[in-house]
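Let me begin by presenting the structure, written as structure tokens, before commenting on it.
One-based numbering, in listed order, for ligands and for the atoms of each. Residue indices begin at 1 and follow the sequence shown.
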Amino acid sequence: MRTIYLNAGAMVHFSSAMAEHEQSIYAAGKGIVVEDGVITSIVDSEDVRQEYSLPVDVALFQDADVHIHDLHGQAIVPGLIDGHAHLLWAGDRSREVAWRQEGKSYAQISEMGGGIGHTVSQTRAASTEHLLELGYMRLRDALRTGTTHLEAKTGYGLTTESELRLLEIAAQLNGIEHTPSIESTWMGAHDVPKGMDRADYIDSLHAEQLPAVLEQGIARSVDVFCEPGWFSTEESEDILRAGHQGGLAMRMHIDEFADGGGGELAADLGVETADHAHHTPIEARMQMKEAGVNTGFLPGTPYAMGDSWPELGPLLEHDIPFTFASDFNPNCYTLSLPFVCSLMVQRCGLHPLAALASVTVNAARATQHPSGLMHGQLTEGAVANFNIIDGPHWESMMLRPSSSPFSGTVLNGKYISQ
Ligand code: NIG
Ligand code: FE
């Protein structure tokens with residue numbers, strides 16, 4: 001099946017070596033040819049018309065194997081990649097807003113019976129059908145704001161059986177029509193379950209949970225909440241190394257509330273991405289850069305928690321690569337990457353092109369497409385995942401935090417109206 005998208009407006013393609021550069025944008029007038037879900041060419045619409053003998057009025061064109069879609073000058077950006085999301089959990093944590101406003105910390109809220117522990121009990125109690133339904137609705141929500149691929153962590157089961165169940169549900173959701181593709185991460189080391197001895201739980205992660213996860217074969221990566229008060233750098237290292245030995249890629253949560261040495265560990269281990277990284281000192285950031293470790297900022301979390309914004313200046317100054325992701329979780333209830341980008345552009349002065357690169361071409365380095373093909377950029381041979389902006393200016397994506405800036409999304413070559 002061939003689909004031809006004609007008359008694009010400005011198109012951010014990110015196919016040149018220097019992503020955050022004006023060379024990453026084609027002027028209006030291009031056409032995109034897609035065959036079986038893959039981009040085969042991006043050339044001037046006039047050249048496409050000639051090659052495929054299209055009439056001036058494409059509505060008159062008739063060929064069962066070729067579908068023509070006129071973009072009418074709407075701007076195009078690549079499909080967005082959410083490299084950090086806690087997709088599957090049940091329940092509600094809104095009572096914690098008042099606790100936070102009374103000055104309670106994340107750790108205190110956890111001790112008061114809220115936090116991850118609360119969501120763990122609600123998730124364990126939820127039926128598989130309910131979790132499937134929640135997951136499906138969330139994925140549809142993510143697609144509505146342009147996400148075409150999403151990383152989904154477990155971590156609200158914290159027993160072998162319930163962690164495997166969350167991975168199985170993610171696998172069932174993966175590939176449903178009109179939803180982003182999913183890659184799964186096992187995060188048994190998200191917290192120590194209530195009522196369980198800490199050392200016993202960590203032993204069980206090694207002796208029981210990890211081997212079962214490996215045998216199940218759904219998770220691509222392992223993640224650990226490496227943070228003072230949760231998992232120490234030593235504990236994190238052991239779990240990450242064991243996962244890696246079993247064939248999993250490594251990801252980390254680091255320095256969300258305090259510098260706990262997670263940045264140095266991320267660099268030592270060469271993990272794919274170390275996220276939050278809010279309190280990571282510049283020396284550790286430099287080590288991460290040297291080791292090829294991505295920094296994944298999650299601006300929705302400080303937004304929801306009332307924390308300061310990430311300081312991007314030193315990263316831009318030292319050319320340290322970073323990405324943005326949603327961190328969707330019960331405390332940070334957004335899957336919208338346009339919202340996340342708008343926070344960074346409008347609150348932190350980041351250039352719109354750098355913000356867009358952080359959720360597309362740069363995000364693709366730490367979060368690959370399941371097909372093994374390129375994504376996050378629009379070029380020959382890449383997956384045909386792209387978003388059609390509701391207007392001629394791609395930058396408007398950064399200015400619309402409360403609604404989807406997209407009139408449509410093309411997912412694996414197929415047009416979906418938004
Ligand atoms: O990345 N910080 C650890 N995990 C999540 C939050 C989990 C929760 O509060 O339920 C995060 O922000
Ligand atoms: Fe997270």
> Which atoms of ligand 1 are found less than 4.0 Å from any heavy atom of Y156?
Replying inline: 7 (C), 8 (C), 10 (O)
> Which word best sums up how the rings of Y303 and W309 line up, parallel for under 30°, tilted for 30 to 60°, or perpendicular for over 60°?
Replying inline: parallel
>> If the cut-off is 2.8 Å, does any N/O/S atom of H276 fall short of it from the Fe ion (ligand 2)?
In response: no
> Relative to the heavy atoms of N331, which atoms of ligand 1 are at a distance of less than 4.0 Å?
Replying inline: 9 (O)
>> Counting only heavy atoms, tell me which of D191, D327, I116 gets closest to atom 12 (O) of ligand 1.
In response: D327
>> Out of all atoms in ligand 1, which are within 4.0 Å of some heavy atom of R93? Include the element for each.
In response: 8 (C), 9 (O), 10 (O)
>> Need the ligand 1 atom indices (1-based, order shown) with element for anything under 4.0 Å from a heavy-atom of N329.
In response: 5 (C), 6 (C), 8 (C), 11 (C), 12 (O)
> Taking non-hydrogen atoms only, is E227 closer than 4.0 angstrom to ligand 1 via side chain, backbone, both or neither?
Replying inline: neither
>> Over 60° means perpendicular and under 30° means parallel, so tell me whether F257 and W230 are parallel, tilted or perpendicular.
In response: tilted
> Ignoring hydrogens and geometry, is there a side-chain-to-backbone donor-acceptor pair from T323 to S358 under 3.5 Å?
Replying inline: no
> When you look for heavy atoms under 4.0 Å from ligand 1, do you find them on the side chain of W230, its backbone, both, or neither?
Replying inline: neither
> Can you name the N/O/S atom of D327 that is nearest the Fe ion (ligand 2)?
Replying inline: OD1
> To which protein heavy atom is atom 4 (N) of ligand 1 closest, and what is the distance rounded to 0.1 Å?
Replying inline: H190 NE2, 2.8 Å
> Aromatic rings H149 and H375: how do their planes relate, parallel, tilted or perpendicular, breaks at 30° and 60°?
Replying inline: perpendicular
> Given E96 and K104, is the salt bridge (Lys or Arg N to Asp or Glu O under 4.0 Å) satisfied, shown in steps?
Replying inline: CA-CA 9 Å; E96 292 174 21; K104 302 283 186 300; over 6 Å; no
>> Check for me whether P330 has a heavy atom closer than 4.0 Å to any atom of ligand 1.
In response: yes
> Given E256, E96, H86, which one has a non-hydrogen atom that is nearest to atom 5 (C) of ligand 1?
Replying inline: H86
> Take atom CD in E311; do more than 12 heavy atoms of anything else shown fall under 6.0 Å from it?
Replying inline: no
> Could R198 and F231 be counted as a cation-pi pair, given that NZ or CZ must be under 6.0 Å from the ring centre and within 45° of the axis?
Replying inline: yes
> Does ligand 1 have an atom that lies less than 4.0 angstrom from a heavy atom of Y106?
Replying inline: yes
> Can R165 and T128 be said to form a side chain to side chain donor-acceptor pair (under 3.5 Å), step by step?
Replying inline: CA-CA 8 Å; R165 179 171 79 134; T128 297; 3.0 Å; yes
>> When you measure from the centre of the six-membered ring of W186, is the NZ or CZ of R220 closer than 6.0 Å and no more than 45° off the axis?
In response: no
>> For ligand 1 and T301, I'd like to know whether there is a polar contact (N/O to N/O, distance under 3.5 Å).
In response: no
